[in-house]
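Heads up: the structure comes next, in structure tokens.
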Amino acid sequence: MIFKGKTIVLGVGASISAYKSADLCSKLAQEGATVYPIITESALKFVGAATFWGLSGQPVSTGVFEEAFGPSEIAHLRYGELADVIVIAPASADLLARLAGGFCDDMLSAVVVANPGKPVLIAPAMNTHMWQNPATQWNRRTLERRGYIFIEPGVGRLAEGIVGAGRLAEPAEIVEVIRETLFPRRDLEGKRVLVTAGPTREAIDPVRYITNRSSGKMGYAIAEAAAARGAYVTLVSGPTHLPQPAGIAEMYRVGSAANMAEAVFARSDAQDIIVACAAVADYAPTATALQKIKKSGDADFAIALTPTIDILKELGRRKRPGQILIGFAAETENIAANAEKKLHEKNLDLIVANDITKEGAGFDTDTNIVTLYQKQGEPVTLPIMSKRAVADAIWNKVNENLLMPNR
Ligand code: CTP
């Protein structure tokens, strides 16, 4: 009964996956929550109000003038007073657009607009093209800036038969995010955590550089999750387009592998946990030209490269007793063997490996599919989930296996 005494407004938007919302409603009610379902007019073409009424035991609303709490109560305000959290699953492209625009033309949108202080969790579900449409992504970013939390849609077989992004997150993942929102864990309180994130840039000349496809999203999610769980977080980030994650104590933006190494080593001794998520260049130009290199005829042109310092390996060498070191391994083949080799060679406590060739994993995606390897015990493969959910799963593992008091 993890949600005993909590009240959840469950918004249901139009999507073939609305039936999964009935399962979510049932799970929440079974865990002791009082669930108030609000179903949009279009969603009623996919699911029946009676199902949600039966599962929740509460009145179901659709139109903004419906009197869910009798004629003396203004329903869209009353819902907000009662709710500890507003969960919208599934959210259609149209619903995201209306929420981003501040529309109040049905009960669900009116409840969201009328109660700005309430946490809002949004689990979108739609066709891949609708999800990836710039208008939808613009609306999503607008809502994120307003503080709404997105539960990333997964990649899978969609109703129209193709495989792509847009599938509603599994009810179990949504329940986990609701739990995280209502009862934030503070299990990293008092810990100092340093996270590296993003790519590095190795200059060739004043206008050109060598870099890679890392977006920084995984590292930023790890840093944000650690801060939410009470850690004092230092983020050392290569160049990214991402804003500073919420709750971070210190942030340093760096360029090259050498810059990143300097920023990390200056702070590494003070850390309880270091997570090296950055995609650090393995080689940098041996010399950076001071002037722009001019092309010279049709002859081939070669750039001499020198290995950079392996920051993580050096951290493994310097590791002090009790310090926890976590690395990443981005692989395209022999994942297990390569990950375990890095785990041992770099003196790590945990390595997070992903097969970057898989759809929904790796660089510049919002989701990831990872396997966690430790020196002892079996590897754990997590299902596809949002990078934030992966981050929390990593921190759960660190708490269960590495931060035990008898360590
Ligand atoms: N790493 C690092 N410094 C480097 C290279 C990598 O700190 N110069 C860290 C990364 O942050 C990551 C881990 O080492 O946590 C593994 O990075 P990856 O690129 O997967 O492997 P490499 O060790 O560089 O080996 P390879 O490129 O041969 O797979």
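We number each residue from 1, following the sequence as shown. Counting convention: from 1, in listed order, for ligands and their atoms alike.
Between the side chains of Ser17 and Ser15, at least one donor N or O lies within less than 3.5 Å of an accepting N or O. Between Asn259 and Ser256, the side chains place a donor N or O and an acceptor N or O closer than 3.5 Å (distance only, hydrogens not considered).
Pairs of residues two or more places apart, or lying in two chains, that qualify as ring-ring contact (aromatic ring centres under 6.0 Å, His included) and include a residue from residues 14-55 are Tyr36-Phe69, Tyr36-Tyr79. Within the structure, every pair that satisfies the salt bridge (charged side-chain N to carboxylate O under 4.0 Å, His left out) test and touches residues 2-28, not counting sequence neighbours, is listed here: Lys20-Glu170, Asp23-Lys27.
For Glu173, there are no salt bridge (charged side-chain N to carboxylate O under 4.0 Å, His left out) partners two or more places apart in sequence or in a different chain.
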Start with the C-alpha gap between Asp355 and Thr357, add the side-chain angles, then the distance that decides, and say whether side-chain hydrogen bond (donor to acceptor under 3.5 Å, both in side chains) holds. CA-CA 5 Å; Asp355 177 351; Thr357 62; 2.5 Å; yes
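For a heavy-atom separation below 4.0 Å, the residues in contact with ligand 1 are Ala276, Ala278, Val280, Ala281, Asp282, Thr308, Ile309, Asp310, Ile311, Leu312, Gly327, Phe328, Ala329, Ala330, Lys342, Lys346.
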